[in-house]
Amino acid sequence: MTKAIFLVAIAVACAGCTGEGEPARVAADGAGGGARSDGRGAAAKGSVAAADLPDVVDLSQLPPLGDGDIATEVIEGANAYAAEHQDHFAGMLGAGGFLWVGFTHGAAEHLAELRSRVAPEAPVRAFTATFTEVELRALQALVTADMSVLHDRGVNVSMVAVSVPRNRVEIGIADDDDAAVELLRRRYGADRIHVERGVVVQPVGR
């Protein structure tokens with residue numbers, strides 16, 4: 001089945017940017033900006049209510065995305081903190097009425113410090129992840145730079161984005177092609193990418 005993705009712009013923003021714009025609220029869906037909630041590893045159906053989860057969870061334990069808005073000042077505070085700790089920061093997203101901020105190391109310590117800056121009672125929690133957002137954006141840039149090479153090798157890449165919920169670079173390809181998927185996994189690392197088949201990008205208005 002072909003999946004059509006409508007784009008206003010090619011640039012992909014993170015769920016909570018780190019110095020690249022000033023978000024008013026956390027994105028609830030869309031790859032690289034709180035990517036799709038389906039197939040992302042986190043429990044969607046039958047998941048534990050966010051209020052019953054501990055303050056720090058594994059990425060796979062996150063509740064379904066997009067439940068409630070987060071105050072702008074909380075997001076801005078988290079963005080500022082993330083910009084200072086890019087060596088551990090793994091993105092952020094809104095889920096279960098909380099702002100979840102990802103870290104690859106020391107998540108509990110980072111959460112305590114972040115809360116002390118924003119507000120102790122702020123709805124902020126943390127999740128643990130494998131790759132930093134900096135690492136994934138570097139890989140996103142590499143895949144984007146390789147587009148013509150990949151095309152010459154028969155791989156029709158239609159989308160490249162950082163998926164915060166998956167903690168992967170999401171690559172969309174136009175065809176349902178096992179060989180293309182295998183080439184991408186070998187070239188960029190099977191543990192670092194998620195390949196979505198049948199993705200056709202269509203500009204808005206067409």
Side-chain angles (χ1 to χ4, degrees), residues 5-9 11-86 88-104 107-108 110-134 136-137 140 161-170 194 196:
I5 293 182
F6 295 85
L7 296 184
V8 175
V12 180
C14 56
C17 304
T18 56
E20 298 179 5
E22 188 175 286
R25 59 188 64 188
V26 178
D29 56 5
R36 300 182 190 86
S37 57
D38 57 325
R40 63 185 171 90
K45 293 184 179 179
S47 59
V48 177
D52 296 328
L53 290 171
D55 284 351
V56 179
V57 302
D58 180 78
L59 180 64
S60 64
Q61 296 176 284
L62 286 174
L65 304 181
D67 182 11
D69 294 334
I70 308 299
T72 300
E73 56 270 23
V74 173
I75 298 175
E76 290 175 345
N79 278 336
Y81 186 84
E84 298 173 14
H85 298 87
Q86 294 186 42
H88 290 171
F89 176 66
M92 66 179 101
L93 46 82
F98 291 88
L99 176 65
W100 295 86
V101 186
F103 298 99
T104 57
H110 280 300
L111 177 60
E113 175 63 22
L114 174 56
R115 281 175 167 172
S116 73
R117 295 193 190 187
V118 178
E121 70 280 3
V124 180
R125 292 186 176 182
F127 65 87
T128 59
T130 303
F131 305 109
T132 67
E133 190 175 75
V134 169
L136 294 179
R137 292 204 174 281
Q140 177 191 16
V162 172
S163 170
V164 174
R166 286 193 173 105
N167 194 225
R168 299 288 187 271
V169 171
E170 186 165 350
H194 170 80
E196 193 78 26

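When reading the values below, keep in mind they use all heavy atoms of this one structure, side chains included, and skip hydrogens, waters and symmetry mates. Everything numeric in this text was worked out from a predicted model, so none of it was measured. Numbering starts at 1 and runs along the sequence shown.
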Do you know which two heavy atoms are closest between [X] and [Y], and how far apart they sit?
{"X": "S163", "Y": "E170", "value": "CB-OE1, 3.9 Å"}
{"X": "L59", "Y": "V164", "value": "CD1-O, 4.0 Å"}
{"X": "L136", "Y": "V169", "value": "O-CG2, 3.3 Å"}
{"X": "V74", "Y": "A122", "value": "CG2-CB, 4.4 Å"}
{"X": "T128", "Y": "A107", "value": "CG2-CB, 3.9 Å"}
{"X": "R115", "Y": "V124", "value": "NH2-O, 2.8 Å"}

Side chain proximity check, P165 to L93, heavy atoms < 4.5 angstrom =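 Yes, their side chains come closer than 4.5 Å.
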query = Stepwise, does the side chain to side chain contact (heavy atoms under 4.5 Å, CB included) test hold for F131 with R168?
reply = CA-CA 8 Å; F131 305 109; R168 299 288 187 271; 3.7 Å; yes
task = Apply side chain to side chain contact (heavy atoms under 4.5 Å, CB included) to the pair V101 and F89, showing each step before the final yes or no.
result = CA-CA 8 Å; V101 186; F89 176 66; 3.7 Å; yes
Can you tell me how far apart [atom1] ([X]) and [atom2] ([Y]) are? Round to the nearest 0.5 Å.
{"X": "M92", "Y": "E133", "atom1": "CE", "atom2": "CD", "result": "7.5 Å"}
{"X": "D58", "Y": "L53", "atom1": "CG", "atom2": "CG", "result": "11.5 Å"}
{"X": "N167", "Y": "T132", "atom1": "CG", "atom2": "OG1", "result": "8.5 Å"}
{"X": "W100", "Y": "D55", "atom1": "CH2", "atom2": "CG", "result": "7.5 Å"}
{"X": "F103", "Y": "H110", "atom1": "CZ", "atom2": "NE2", "result": "5.5 Å"}

ask   = Which is it for Y81 and V118 under the side chain to side chain contact (heavy atoms under 4.5 Å, CB included) test, yes or no, and what are the steps along the way?
value = CA-CA 10 Å; Y81 186 84; V118 178; over 6 Å; no
task = Starting from the C-alpha separation in whole Å, work towards a yes-or-no answer on side chain to side chain contact (heavy atoms under 4.5 Å, CB included) for L114 and H85.
result = CA-CA 11 Å; L114 174 56; H85 298 87; over 6 Å; no
query = So, R117 side chain and A80 main chain: donor-acceptor pair closer than 3.5 Å or not?
reply =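 Judged by distance alone, no pair lies under 3.5 Å.
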